[in-house]
Amino acid sequence: MYDIVVIGAGHAGCEAALACARMGCETLLFTLNLDAVALMACNPAIGGTGKGHLVREVDALGGEMGRAIDDTTLQSRMLNRSKGPAVHSLRAQADKREYQKRMKRALFAQDHLTVRQGEVIRLETHGGRISAVITKTGDHIPCRAAVVCTGVYLKGKIFIGEAQWEGGPQGLLPATGLSESLADLGFTLRRFKTGTPARVDARSIDFSAMEPQPGDEPPVPFSFLTDHAVENRMMCYLTYTNPRTHEIILQNLDRAPMFNGAIQSLGPRYCPSIESKIVRFRDKERHQLFLEPEGYNDAEWYVQGMSSSLPEDVQWAMYRTIPGLEHCVLTRLAYAIEYDCIDSTVLSPTLGALQVPGLYLAGQVNGTSGYEEAAAQGILAGINAAHYVLAREPLLLTRDQAYIGVMVDDLTTKGTDEPYRMMTSRAEHRLYLRQDNADLRLTARAHAIGLASDERMRRMEEKARQTEEILAYLRDTRRDALLRHPENSIDALLPDPAQYAPGARQQAEIQVKYEGYLQKEQAAILKARAMEEKLLPADAPYMDITGLRMEARQKLSAQRPVSLAQAARIPGVSPADVAVLMVWLKKRESSQNA
């Protein structure tokens with residue numbers, strides 16, 4: 001008997017299992033293959049625009065991803081430095097195998113956590129609640145809650161030109177049994193698609209024909225707990241496609257699964273295949289490609305920007321048109337993978353299934369893409385699965401509190417018709433939801449529920465104290481006015497900058513330079529929060545509320561929004577419907593107070 005069973009040990013499953021165990025729940029983590037724990041099946045990197053914010057928030061909550069990447073970084077860069085701090089996003093190239101080993105060590109060192117290889121094929125319920133999981137080999141494991149983190153493995157199907165077969169990423173096996181069980185529980189299953197570029201033998205690459213892309217010095221760590229220096233140990237390189245590349249692709253579109261009807265599912269719009277880019281942007285003479293290492297002692301390199309599912313002969317021809325890759329040897333072919341996922345609008349903001357208490361889902365099974373999106377969902381689902389078992393109030397993160405809250409609200413309120421990717425543009429309060437203040441926003445909440453450690457809490461409090469001390473000094477000496485000038489930095493205005501941590505100096509500088517904008521942001525947040533705090537009862541009789549349109553009644557009954565604000569964001573619920581709900585809430589409150 002376990003408190004919680006986590007199904008899948010990708011980036012969502014690892015964070016979910018660690019969160020459950022760290023909160024004291026006896027947890028079992030199942031993986032199809034123990035050698036594929038925390039596998040980076042696509043790009044061997046963590047972070048990026050919008051994604052870096054998610055990693056910092058996972059770390060602030062007490063997660064593992066930030067610490068793991070800091071320990072295994074090959075190269076680190078802060079993206080969007082020329083823009084404001086709201087969109088600064090950290091990205092680090094990882095040593096792919098070392099990252100897996102690092103995460104696997106964390107799992108096997110964790111108290112209250114058991115890790116096993118095996119395939120879960122069925123979820124059992126008793127009285128409508130999760131009660132057990134059943135494996136392919138017939139093991140029946142009672143549990144009080146389950147977290148499904150199956151990634152792209154559910155009925156996975158690989159496409160390389162005319163060749164198609166059932167399979168998982170990187171030559172692994174698919175999960176074939178659980179889809180039927182989810183359907184039996186009432187989930188609507190959909191097919192999404194993603195893909196990956198070829199890998200290339202480093203000995204066959206002419207790096208001198210490419211543009212070196214160095215990392216930042218000194219690199220900035222992801223984790224608020226990292227004390228050791230993160231090092232840039234390898235170079236990345238930039239090259240481009242050209243008209244000959246495009247010609248080969250266009251001549252073979254009839255053999256491309258994305259264009260000949262073999263693949264009908266939708267892929268990520270913001271990470272398209274090279275054939276999709278060539279068709280969509282026919283006027284462009286070239287597209288950027290980045291050559292990135294898979295590991296420090298690994299001979300394979302990743303060709304970012306050249307995802308494809310074209311046939312093998314076409315792949316060899318088109319890759320060899322690229323400057324620096326004229327004699328390249330493909331160690332692994334590019335491929336597309338199709339897989340089952342659910343309609344995420346059947347989940348609550350806890351990532352729990354509305355119709356199946358005790359069942360939580362996280363990661364690509366919810367229709368998202370990316371390691372970071374998966375990890376962020378995993379830690380939230382893990383926290384709430386633990387709270388369900390411990391009979392505690394759930395942890396809810398709203399759009400004004402975290403990027404995680406933005407993503408989860410998008411998924412559960414609006415749903416997604418394509419693999420969802422986090423971007424800074426999705427967050428309306430992004431000036432406040434910066435990656436540099438994720439600890440100040442979230443660590444106290446995580447510490448209160450027993451997930452963030454005492455040391456993490458102590459560091460956050462010290463950062464906050466130092467920030468206030470710096471701000472007080474600047475105000476008292478009237479140097480805050482000088483700091484508002486773009487050419488002035490905070491270090492030049494402090495008598496001894498070294499006595500303060502870099503994070504505290506950064507916070508103080510941002511608060512002074514962007515004071516007016518931050519005040520406007522806070523006013524907008526307070527206004528929005530008033531709607532978020534108007535909670536709707538879980539058993540609200542929407543079908544019986546006079547004045548609601550039928551579409552709104554059906555949508556509200558199906559999705560069960562937790563607040564008036566969430567109800568207003570549901571497609572099909574009009575402002576007039578929201579006004580009716582406000583009147584109904586006031587009448588209900590009056591009758592209860594009478």
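Just so you know, residue 1 is the first one in the sequence shown, and it goes up from there.
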Worksheet entry | Within 45° cone of Y500 ring axis and under 6.0 Å: R505 NZ or CZ | no
Practice prompt. Under the salt bridge (Lys or Arg N to Asp or Glu O under 4.0 Å) rule, what do E461 and R465 come out as? Steps first, then yes or no, please.
Written response: CA-CA 6 Å; E461 290 177 333; R465 185 196 67 77; over 6 Å; no
Item to complete: Look at the rings of H11 and Y371 and say which category their plane angle falls in: under 30° parallel, 30 to 60° tilted, over 60° perpendicular.
Response: tilted
Listed pairs under 3.5 Å, donor-acceptor, residues 564-573 side chains, sequence neighbours left out:
unit_1	atom_1	unit_2	atom_2	d
Q566	OE1	V562	N	2.8
Q566	NE2	T413	OG1	3.1
R569	NE	D409	OD1	3.4
R569	NE	D409	OD2	2.6
R569	NH1	E532	OE2	3.0
R569	NH2	D409	OD1	3.0
R569	NH2	D409	OD2	3.4
R569	NH2	E532	OE2	3.1

Discussion item. Check whether Y270 forms a cation-pi arrangement with R421 (NZ or CZ under 6.0 Å from the six-membered ring centre, at most 45° off the ring normal).
Written reply: no
Discussion item. Strictly below 4.0 Å, N to O, side chains only: are E64 and R22 in salt-bridge contact?
Written reply: yes
Worksheet, complete the sentence: Residues at least two apart in sequence or cross-chain that pass ring pair (Phe, Tyr, Trp, His ring centres under 6.0 Å) with F224, listed by chain then number, are none
Worksheet item: Salt bridge check: are E372 and K51 linked by an N-O gap of less than 4.0 Å?
Response: yes
Worksheet item: Among R445, E57, R441, H429, which residue meets the side chain to side chain donor-acceptor pair (under 3.5 Å) test with Q401?
Response: R445
Discussion item. Please determine whether a side-chain nitrogen of the Lys or Arg among R102 and E98 lies less than 4.0 Å from a carboxylate oxygen of the Asp or Glu.
Written reply: no
Worksheet item: Just checking, R426 and Y420: is the charged tip under 6.0 Å from the six-membered ring centre and within 45° of the axis?
Response: yes
Fill in: Salt-bridge contact R56-D439 (side-chain N to carboxylate O under 4.0 Å)
no
Item to complete: For the residue pair M210 and L238, establish whether any side-chain heavy-atom pair is separated by less than 4.5 Å.
Response: no
Item to complete: For the residue pair D491 and S489, confirm or rule out a side-chain donor-acceptor distance under 3.5 Å.
Response: no
Discussion item. Between F207 and W301, is the ring centroid distance below 6.0 Å?
Written reply: yes
Worksheet item: Should T321 and N242 count as side-chain neighbours, where that means a heavy-atom distance under 4.5 Å?
Response: yes
